[in-house]
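Working notes, beginning with the structure itself.
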Amino acid sequence: MCTLAGVHLREIQIQAEPLERFDPLIGPEAAARLHAGAERAREAFHGRTLFNVNSTAVGGGVAEMLQPLLAYSRGAGIDARWLVLQGEPEFFRITKRLHNRLHGSRGDGGPLGETERAAYERVIAANAAELLALVGPEDVALLHDPQTAGLVPLLARTGATVVWRSHIGTERWNDEVETAWTFLRRYVEEAQAVVFTREAYVPAFLSARAVIIPPSVDPFSVKNAPLQPEVARGILARVGILLPACGVVEPALYRHADGSPGRVDHCADVVRAGPAPAEDAPLVLQVSRWDGLKDMAGVMDGFARVADALDGAHLALVGPNVAGVEDDPEGAEVFEACIRRWRTLPHALRRRIQLVCLPMQDRDENAAIVNALQRHAAVVVQKSLEEGFGLTVAEAMWKSRPVVGSAVGGISEQLVDGESGLLVRDPRDLDAFGAALVRLFEDPDLAGRLGRAAHERTRAHFLGSRHLLQYAELFAGLLGRERVAPAPVAAP
Ligand code: UDP
């Protein structure tokens, strides 16, 4: 039974950030386009609020992107706000089922019938009751992912401009995908526009109002800002992932986005046999939520097959603390399954493979640790079985890391095989995955070249500036100043 009557939508406070920060990174022409787009959006919004709604404040790509995109929007003079809807375990079980099915995966195999619809709509109605008191007919709502889809018709009825964004999808349409869209269709087709990451993810019934906007990384966030190698090592020693140099753990400091100092205080929960790896041991890294589709266990198996050829490298499988991600009920189960698999490995391998849960108490502290890991890693992998767009791939590319990714979903467009990373055609082919790792360890020149090209590719296609400009064009169009059309973007 739903007990959400007294539900409180949670508002996440956003500090404004200046859009001009991008200018030196993107060059004068792109900067001029960005500022002209911001001007058009400012005129179009004039007195209206842009309400973003999703279902978690931390953990996962959507939360990761909302923070900086809304900060720059505020910096550009748009009243952009972020609300997190509140659910209950049954609601998140249903929405995780929808998430898995939209990726073409069976997930928990449970039903998506009228009982589930009723449970889903009860939570939606409880959240809508509060949201409708905030959103006026002149306002704009940007709703993210299946968790918020049910809000579309309720908000649209008020006269507000409603856009729904799906951050997930698969190009391999199957019965699972069909069941998810059957559930969601009646809600999302009432949106004035729907945003997808890739054309291939758009169902036919939404194609007339679909706009393609790929995700992006924020180069100035705590997660992606420059970090000196010794600072990165200090942070990793502090949380327990690396052996401290000379055995002494120093205070681990980083900078918040506003330049003020921050300190990493919390330790990670680490499953490992023996001491942490030494600073000079090469590290292979995957950072992901503990989600079956990220295939952490497959990374472990693939690494184990070729570990002898990897120059003494260690593997770190890193995810958020399993209690920390509000809308992901499968985390604990997937993490436990990884531990069980890890226990079956020979001791010598268990010494070289660590499973790490990062502290989630402080968003910036968590981001600083991820930044340190990605910068310290010799190779970053993302061996997902499905992936709408791999934000972790883009983060590692920005940090000039050589990346091995599965050729699935967005990753197959993010990495150009052999130019800006290595793609493994079949994500379940552990030998091919292992061979890609060996190739990078045997050819450091190749690894360096891929890393440099990866950074350049991210600068050209996957920074927040491009993302913001596309949103600005979309909203300016919807609010009536221009025709509704996706902003032209150079195809990656
Ligand atoms: N992430 C994080 N801490 C963690 C694990 C993941 O900050 O412990 C972040 C990661 O850096 C990335 C996002 O969560 O920014 C994951 O996005 P991605 O698109 O790779 O996958 P999603 O979780 O959206 O499926």
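Start at 1 and go down the list; that is how both ligands and their atoms are numbered. Along the sequence shown, the residues carry numbers beginning at 1. What you see below is based on every heavy atom in this structure, not just the backbone, and it leaves out hydrogens, waters and symmetry mates.
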Just which atoms of ligand 1 are under 4.0 Å from any heavy atom in [X]?
{"X": "Gly319", "value": "8 (O)"}
{"X": "Glu64", "value": "15 (O)"}
{"X": "Thr392", "value": "10 (C), 12 (C), 20 (O)"}
{"X": "Leu358", "value": "8 (O)"}
{"X": "Phe389", "value": "19 (O)"}

Determine, using heavy atoms of [X] and all atoms of ligand 1, whether some pair is separated by less than 4.0 Å.
{"X": "Lys223", "result": "yes"}
{"X": "Ala367", "result": "no"}
{"X": "Val318", "result": "no"}

Q) Above 12 or not: heavy atoms from other molecules or residues under 6.0 Å from CZ of Arg305? A) yes

(Q) Using a 6.0 Å cut-off, check whether atom CD of Glu333 has over 12 heavy atoms from anything other than its own residue. (A)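 Open: at most 12 neighbouring heavy atoms sit under 6.0 Å from CD of Glu333.
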
Q.
Nearest 0.5 angstrom please: Glu386 CD to Glu171 CD, how far?
A. 7.5 Å

Q | salt_bridge(Asp295, Arg428) N-O dist < 4.0 Å | A | no

Q | SB check Glu387 Lys294 (cutoff 4.0 Å) | A |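 A salt bridge is present here (some side-chain N lies under 4.0 Å from a carboxylate O).
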
Nearest-neighbour protein heavy atom for [atom], which is reported as residue plus atom name and distance:
{"atom": "atom 3 (N) of ligand 1", "answer": "Asn366 OD1, 3.1 Å"}
{"atom": "atom 22 (P) of ligand 1", "answer": "Lys294 NZ, 3.4 Å"}
{"atom": "atom 23 (O) of ligand 1", "answer": "Arg289 NE, 2.6 Å"}
{"atom": "atom 8 (O) of ligand 1", "answer": "Pro320 N, 3.0 Å"}
{"atom": "atom 24 (O) of ligand 1", "answer": "Gly61 N, 2.8 Å"}
{"atom": "atom 14 (O) of ligand 1", "answer": "Gly60 N, 3.5 Å"}
{"atom": "atom 6 (C) of ligand 1", "answer": "Val287 CG1, 3.7 Å"}

(Q) Under 6.0 Å between ring centres: does that hold for Tyr120 and Tyr187? (A)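 Yes, the ring of Tyr120 comes within the 6.0 Å limit of the ring of Tyr187, centre to centre.
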
**Q.** Check: Ser288 N/O within less than 3.5 Å of ligand 1 N/O
**A.** no

Q: Determine, stepwise, if the pair Ser288 / Gln382 fulfils side-chain hydrogen bond (donor to acceptor under 3.5 Å, both in side chains).
A: CA-CA 8 Å; Ser288 289; Gln382 191 60 51; 3.0 Å; yes

Q. How are the rings of Tyr72 and Phe220 set to each other: parallel, tilted or perpendicular (split at 30° and 60°)?
A.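 Tyr72 vs Phe220 ring planes: perpendicular.
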
Q: For the residue pair His99 and His103, categorise the inter-ring angle as parallel (less than 30°), tilted (30 to 60°) or perpendicular (more than 60°).
A: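 Plane angle over 60°, so perpendicular.
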
Tell me the contacting part of [X] for ligand 1: side chain, backbone, both, or neither, using a 4.0 Å heavy-atom threshold, strictly below.
{"X": "Glu395", "answer": "side chain"}
{"X": "Val370", "answer": "side chain"}
{"X": "Leu391", "answer": "both"}
{"X": "His167", "answer": "neither"}

(Q) Keeping Asn366 on the side-chain end and Pro359 on the backbone end, is there a donor-acceptor pair under 3.5 Å? (A)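 Checked: pair present.
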
Q.
Any side-chain to backbone donor/acceptor pair from Arg97 onto Gly107? Under 3.5 Å, distance only.
A.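 No.
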
Q: Return the minimal non-hydrogen interatomic distance between Tyr201 and Phe196, and the atom names on each side.
A: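 Tyr201 and Phe196 have their closest heavy atoms at O-CE2, 3.5 Å.
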
